[in-house]
Amino acid sequence: MTPILIAEQVLNGLQSGVMLFLMAAGLTLIFGVMGLINLAHGSLYMVGAFAAAATAAVTGSFLLALVAALAAAAAAGALVERLVIRRLYDRDHLDQVLATFALILIFSEGTRWIFGSFPLYLDIPEALSGPVTLPGGIQYPLYRLFIIGMGLVVAALLFWLIARTRLGIRIRAGENDREMIAALGVDIARLYTLVFALGAALAGLAGALVGAIQSVQVGMGEPVLILAFVVIVIGGIGSIEGALVGAILVGLTDTLGGIFLPQIFGLFMDPAAATQTGAALASMAIYVLMAAVLVWKPTGLFGAKS
Amino acid sequence: MSRERLLGAVVLLALGLVPLAAHLMGEPFTITLATRAAILALAAVGLNIALGLGGLVSLGHATFFGIGGYAMGILASHVQNYEPMFEWPVLFEGSTSMPVIWLVAVLASALVALLIGLLALRTSGVYFIMITLAFGQMFYFFSISWSRYGGEDGMSIYVRNGFPGLNTLDPIQFFGLCYAVLCLVLLGAHLLARSPFGLALGAARQSPDRVQAVGLDPKRLRLVGFVISGAITGLAGALFADLNRFVSPTMFSWQTSGEIMVFIILGGVGRLFGPVVGAAVFVMLEHWLGDMSEYWHIWLGVLLLAVVLFARGGLVGLIAGRERAHD
């Protein structure tokens with residue numbers, strides 16, 4: 001095991017971590033402000049990826065594809081919020097789970113209806129393809145570096161938006177006391193639609209960026225959604241900082257576990273058995289991490305005390 | 001007899017009589033559909049104890065469904081391949097006897113429910129939903145990577161396991177067995193809800209502080225309820241695997257968890273016969289809509305959305321009124 005391999009895997013973990021952050025940030029914002037658990041967040045990720053793939057196929061431009069992903073996911077989010085989600089804010093979590101589960105069915109089958117069951121492919125743009133050589137002689141795909149950078153930039157923008165802008169102040173105020181800011185003249189219904197569309201746009205962007213590495217297909221959103229849940233449980237619901245830390249932790253654990261656990265078991269088992277046991281345990285690593293955090297801090301690393 | 005009870009009795013009776021009629025008319029496929037409905041109803045009756053009685057929104061009951069399925073798959077595959085499961089301290093070759101498989105399925109799912117419950121019940125609300133979902137996913141990925149027992153492809157068991165005194169290969173006899181189990185468990189769930197434990201669990205859902213004030217521990221009540229709930233769903237998983245003679249990681253998938261919850265919601269939360277109505281309606285929809293359109297899940301989604309938004313209390317609530325709607 002060379003240092004170069006380790007560095008590569010750390011970068012891979014970081015890359016999947018920042019993408020998870022884009023998902024988890026939207027989820028945790030929506031939960032923090034509206035108190036809503038949204039299972040259909042994975043569908044918005046899928047919408048973004050499909051919009052990007054379709055746009056890229058027509059125009060050939062990756063930049064336009066990203067714009068289309070953001071726009072399509074935000075529009076789908078705003079539409080769904082107006083039609084369905086709005087009726088769920090006062091309901092219990094069970095109703096929210098079921099209604100958003102129904103939305104997943106509608107989104108997934110609807111997409112299958114329009115695009116068919118075969119996966120689409122989104123090409124990495126010419127300018128971002130190929131490897132680059134990092135200090136220390138590490139060869140690493142430029143596009144993955146681009147994703148990491150993009151994720152970090154969006155994270156910084158998000159922190160700035162929440163901490164420094166008028167909209168951010170309203171969002172934070174909405175988390176604390178919705179009656180009070182309504183009384184101060186803020187249009188709560190519009191604020192909610194806006195927050196939901198913002199979360200959806202982040203999910204759509206993640207879908208488009210990841211879609212260029214993996215294939216774009218129906219059902220791609222739900223595994224990411226469940227990972228994002230793990231991230232939120234670890235980070236603490238409603239906390240953007242928690243989402244960032246949790247996402248990086250989960251990304252690194254998942255990636256490094258898959259590579260190193262089989263090798264560690266290989267030290268004292270025969271290779272075939274070590275590969276099997278290691279792979280099986282690696283698939284459980286993030287859940288063990290989650291369980292450990294829960295035992296230690298039941299409301300997550302950055303969660304409010306309940 | 002209240003309208004709800006009457007409706008439940010009618011549905012249960014219909015579920016018993018339709019396969020009998022199908023048997024006389026020589027339509028084994030209808031019997032298989034009814035068996036499927038009975039088994040899925042059983043899984044949902046299990047979840048309903050946690051969800052309806054205990055107020056625990058578990059989105060991970062596929063875990064127990066899958067464990068039940070794999071209990072059957074593992075035990076039967078060892079016999080099928082002539083590979084003893086273990087030789088020490090006594091020789092054990094696996095089993096193709098349903099009572100043994102059921103016992104293992106129930107114990108294994110109860111044990112896992114205990115472990116998951118101990119962790120997940122440290123939290124509540126949304127955390128609980130996400131954590132149960134995540135643990136379900138953990139078992140899903142574990143079953144995919146566990147190539148000793150089929151990995152991603154799952155395992156086929158070529159001959160349905162036996163039950164003393166019955167020919168389980170005969171569809172109507174296997175249906176009778178599943179139906180009997182469902183009726184017994186429904187009776188058990190009814191008695192449980194009326195028992196001191198059931199009343200205390202219901203009270204812990206409505207007002208944990210008061211339950212604590214009279215000296216009971218809400219957490220412990222919930223844990224016991226969760227374990228019973230998981231064990232029943234595990235039993236349903238073992239039967240489901242025997243129905244299909246096939247187990248695969250799909251049984252562990254989050255969609256399975258969602259569907260089990262959908263049965264309850266279609267029927268009505270916290271109602272004794274809600275899961276039976278819901279599962280029967282689901283299987284019928286799956287069959288009819290599935291015939292009409294490849295994309296029938298869209299219509300299922302629309303129906304589900306309509307029930308959640310406009311018909312709180314589910315289909316049973318629509319027909320029998322909402323005197324016992326959940327809170």
Side-chain angles (χ1 to χ4, degrees), chain A residues 27 31 35-37 39 83-84 87-88 91-110 112-113 117 219 222-223 225-230 232-233 236-237 275-288 290-292 294-295 298-300 303 306, chain B residues 51 55 57 59 115-116 118-131 133-148 151 253-255 257-259 261-262 264-266 269 293-310 312 326-327:
Chain A
L27 272 175
F31 183 81
L36 176 97
I37 172 163
L39 294 188
L83 290 178
V84 178
R87 301 166 199 273
L88 297 172
R91 300 291 191 87
D92 56 22
H93 293 316
L94 177 61
D95 285 351
Q96 299 177 347
V97 163
L98 284 153
T100 50
F101 181 74
L103 285 177
I104 296 183
L105 295 178
I106 297 171
F107 266 112
S108 294
E109 289 304 296
R112 205 194 301 278
W113 203 352
S117 293
E222 280 68 40
L225 171 84
I226 295 169
L227 281 184
F229 279 162
V230 174
I232 294 178
V233 170
I237 299 181
T275 313
Q276 258 202 39
T277 319
L281 288 181
S283 65
M284 301 169 79
I286 54 167
Y287 305 101
V288 175
M290 178 183 82
L294 273 176
V295 171
T299 51
S306 58
Chain B
L51 188 70
V57 185
L59 200 44
L115 294 176
I116 293 182
L118 276 174
L119 282 168
L121 286 170
R122 293 171 69 90
T123 65
S124 60
V126 190
Y127 275 105
F128 186 82
I129 300 174
M130 293 182 186
I131 291 162
L133 181 61
F135 278 121
Q137 196 75 352
M138 176 174 95
F139 278 90
Y140 174 70
F141 283 123
F142 182 76
S143 65
I144 283 183
S145 57
W146 202 17
S147 49
R148 172 72 183 80
S253 71
W254 68 271
Q255 286 98 334
S257 294
E259 277 175 9
M261 198 180 265
V262 167
I264 296 185
I265 238 57
L266 280 180
V269 179
S293 157
E294 198 187 326
Y295 307 105
W296 75 280
H297 273 110
I298 293 189
W299 307 114
L300 176 68
V302 172
L303 174 73
L304 183 59
L305 208 52
V307 169
V308 174
L309 291 181
F310 305 114
R312 303 178 70 181
H326 75 103
D327 48 350

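Below, chains carry the letters A, B, ... as their sequence lines are ordered, and counting in each starts from 1.
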Residue [X] versus chain B: region with a heavy atom under 4.5 Å:
X        : value
A/Val295 : both
A/Val233 : both
A/Phe107 : neither
A/Leu281 : neither

Heavy-atom closest contact ([X] atom, [Y] atom, distance):
X        : Y        : answer
B/Glu294 : A/Glu109 : O-OE1, 4.1 Å
B/Phe142 : A/Met284 : CD1-SD, 3.3 Å
A/Gly300 : B/Tyr127 : N-OH, 4.2 Å
A/Tyr287 : B/Phe135 : O-CE2, 4.3 Å
A/Leu294 : B/Arg122 : O-NE, 3.2 Å
B/Leu305 : A/Ala99  : CD1-O, 3.5 Å

Less than 4.5 Å apart, any side-chain heavy atom of [X] and any of [Y]?
X        : Y        : answer
A/Ile232 : B/Val126 : no
B/Met261 : A/Leu94  : yes
A/Met290 : B/Leu119 : no
B/Leu309 : A/Leu88  : yes

Report the distance from atom [atom1] of [X] to atom [atom2] of [Y], rounding to the nearest 0.5 Å.
X        : Y        : atom1 : atom2 : answer
A/Ile226 : B/Met138 : CD1   : CE    : 13.5 Å
A/Ile237 : B/Thr123 : CD1   : OG1   : 8.5 Å
B/Leu59  : A/His93  : CG    : NE2   : 13.0 Å
A/Ser283 : B/Phe139 : OG    : CZ    : 10.5 Å

* **Region of B/Leu303 in contact with chain A, defined by heavy-atom distances below 4.5 Å** => neither
* Could you go through the side-chain contact (heavy atoms from CB on, under 4.5 Å) check for A/Ile104 and B/Trp254 one step at a time? => CA-CA 12 Å; A/Ile104 296 183; B/Trp254 68 271; 3.8 Å; yes
Residue among [options] with most heavy-atom pairs under 4.5 Å to chain A:
options                                : result
B/Ala306, B/Ser143, B/Ser145           : B/Ser145
B/Leu51, B/Leu300, B/Leu118            : B/Leu51
B/Val262, B/Ile144, B/Val302, B/Ile131 : B/Ile131

* Over 60° means perpendicular and under 30° means parallel, so classify the ring planes of B/Trp299 and A/Trp113, tilted if in between. =>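 Ring orientation of A/Trp113 relative to B/Trp299: perpendicular.
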* To do: Return the option, out of A/Ile106, A/Ile286, A/Val84, A/Val230, with the maximum number of heavy-atom pairs under 4.5 Å with chain B.
  => A/Ile106
* Max heavy-atom pair count under 4.5 Å with chain B, selected residue of A/Glu222, A/Arg91, A/Arg87 ->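 Of the options given, most contacts go to A/Arg91.
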